Amino acid sequence: MLGQKTSNIFIYGKTGTGKTLSVQHVADELLKRSKDSKILRVEYINCKLKKVADTEYRIFAELIKKVGGDVPATGLPTDQVYKRFIEIIEKNEEKLLIVVLDEIDQAVKKINDDFLYNLMRLNSELSKTQISIIGISNDVKFLEMIDPRVKSSLSEEEMIFNPYNATQLQDILKKRAEESFKPGVVSEGVIAKCAAYAAREHGDARRALDLLRVAGEIAERSSNPRIEIKHIDEANDKVERDKILDIVEKATRQFQLVLYAIISLSNNNNEGIFTGDVYNFYSEVCKKVNFEILTQRRVGDIIAEFDMLGLINARVISKGRQGRTREIRLDIPDNVLKKSKDILLESLGI
DNA sequence: GTCAATTCACATGAAAGAGACCACGGTCTAGTG
DNA sequence: CTAGACCGTGGTCTCTTTCATGTGAATTGACGA
């Protein structure tokens, strides 16, 4: 294996299907087998994390940090960072560096695919070290949107991870339950229910485990010795609720203003509301609380982001002569709505 | 009645600016011998 | 003379604006039956 040219690998699979875990496991095994740590090095980077690796600069900066260099968070020209990376790699003298890029599709979407090309091209500039890339993506169409040159070399080897089905999820959950709960705490039915919830979310094992954990916490708090099905339901609610409230709370002022407008409008109107309505209401509120009014262009983007986050459901429709617009429907469950609104009111000082 | 052109109200893209943050190198200043 | 403070320049990043172009169907108006 060593000494030969290594392939790049491209892995595809939905979230929670064990891609990351498998890669990490394989990496560990490889490291174990190469007794001399000077030969091989594996670095893992999650491209989705904001503030860590969502630009070319930051990806290289992160890589440098991982291989033992130091680089400022900003201020250097990108090619400088690039050069520094090469220097450090050469100095380290490992034979092979495996770079795992998790959620690589996110990075390419945000930046462009040039950085991938640069990364591949690095091999020709390095004399002692070889770099091999493992790209992990949960978007199949990802390969279609990148540069053909990059595509062919990235997908030298491809692997696909299929979502877990309910039975497999049950197995995973059972194993985990044995490890972390005393026998008898978790019943068969509870696990089935848990698995069913997660299977609905395209077989996300992480979510299933989360659910079980939270349900355990809930049961414990109500000093119930056993986890029951209702706890799973509660846990599902809670996980969902926390996710939403977290988004609402952490959003910037302008996002909160737009969301407030949407919530207010959908209060007295069950039918869909439109971008124009939202913008008007939003402007009014801005005037009232003395905030700068953003352009409609920007507000449109903000609405689109809420759609991505799942707080609203926005569909582009054409109303014929009345133009094209988004039809927006709030997608926050009732039991969270009030709390969300309270947070907004307080944060905006209305 | 039918059909193509028109029109609306935005969506969507691209480019560029403002302001925050930061590194680097040069210059100035104060303390030291 | 030298270490540290202080500046100016040039870079990135995020959020935003400006300008430009795209778009799907209701509406309109011309046309032919």
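None of these values were measured; they are calculated from a predicted model.
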Trainee: Do Arg321(A) and dG24(C) have a side chain to base donor-acceptor pair shorter than 3.5 Å?
Mentor: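 Donor-acceptor pair under 3.5 Å: no.
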
Trainee: Ring centres under 6.0 Å, that's the criterion: do Tyr12(A) and Phe161(A) meet it?
Mentor: no

Trainee: Evaluate Phe255(A) against Phe306(A) for ring pair (Phe, Tyr, Trp, His ring centres under 6.0 Å), listing each step before the verdict.
Mentor: CA-CA 9 Å; Phe255(A) 274 66; Phe306(A) 279 137; 5.6 Å; yes

Trainee: Report yes or no: does Lys193(A) contribute a side-chain atom to a donor-acceptor pair with the main-chain N or O of Ile229(A) at less than 3.5 Å?
Mentor: no

Trainee: Could you give the CG-to-P distance, from Asp277(A) to dC10(B), as a whole number of Å?
Mentor: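 Whole-Å distance recorded here is 8 Å.
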
Trainee: Which whole-number value in Å describes the distance from Arg324(A) CZ to dT12(B) P?
Mentor: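 For the pair Arg324(A) CZ and dT12(B) P, the rounded distance is 7 Å.
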
Trainee: Please give, in whole Å, the distance from dA9(B) P to Ile317(A) CD1?
Mentor: 13 Å

Trainee: Respond yes when some side-chain nitrogen or oxygen of Thr275(A) is under 4.0 Å from OP1 or OP2 of dC10(B), and no when none is.
Mentor: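 Checking Thr275(A) against dC10(B): no side-chain N or O falls below 4.0 Å of OP1 or OP2.
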
Trainee: Would you indicate, yes or no, if dT14(C) has its OP1 or OP2 atom less than 4.0 angstrom from a side-chain nitrogen or oxygen of Arg58(A)?
Mentor: yes

Trainee: Between Glu240(A) and Arg207(A), does any NZ, NE, NH1 or NH2 come within less than 4.0 Å of an OD or OE carboxylate oxygen?
Mentor: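 So Arg207(A) pairs with Glu240(A) through a salt bridge.
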
Trainee: When you measure only distances, ignoring hydrogens and angles, does the side chain of Arg298(A) come within 3.5 Å of the base of dT17(C) through a donor and an acceptor?
Mentor: no

Trainee: Can you tell me the distance, in whole Å, between the CG atom of Leu294(A) and the P atom of dT14(C)?
Mentor: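 Interatomic distance, CG of Leu294(A) to P of dT14(C): 18 Å.
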
Trainee: With sugar-phosphate meaning primed atoms plus P, OP1 and OP2, does Arg326(A) contact a base, only sugar-phosphate, or nothing at under 4.0 Å between heavy atoms?
Mentor: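 Contact class for Arg326(A): sugar-phosphate only.
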
Trainee: Can you find a side chain N or O atom of Ser318(A) that sits less than 4.0 Å from OP1 or OP2 on dA9(B)?
Mentor: no

Trainee: Check whether any side-chain N or O of Gln254(A) sits under 4.0 Å from OP1 or OP2 of dC15(C), and answer yes or no.
Mentor: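 False: Gln254(A) side-chain N/O out of range (4.0 Å or more) of dC15(C) OP1/OP2.
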
Trainee: Measure from CZ on Arg297(A) to C1' on dG17(B) and round the result to the nearest Å.
Mentor: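 Between C1' of dG17(B) and CZ of Arg297(A): 16 Å.
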
Trainee: Rounded to the nearest angstrom, tell me the gap between atom CD in Glu62(A) and atom P in dC13(C).
Mentor: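 Rounding to the nearest Å, CD of Glu62(A) and P of dC13(C) are 13 Å apart.
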
Trainee: Over how many whole Å does the gap from Asn280(A) atom CG to dA9(B) atom C1' extend?
Mentor: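 Answer to the nearest Å: 12 Å.
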
Trainee: Nearest whole Å is fine: how far is dA26(C) P from Phe274(A) CZ?
Mentor: 13 Å

Trainee: Could you check whether Ile293(A) gets within reach of a base, just the sugar-phosphate, or nothing at all, counting any heavy atom under 4.0 Å?
Mentor: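 Sugar-phosphate contact only - Ile293(A) comes under 4.0 Å of backbone atoms but never of a base.
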
Trainee: Looking at Glu178(A) and Lys175(A), does any basic side-chain N land under 4.0 Å from a carboxylate oxygen?
Mentor: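 Not counted as a salt bridge, because no side-chain N and carboxylate O are separated by less than 4.0 Å.
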
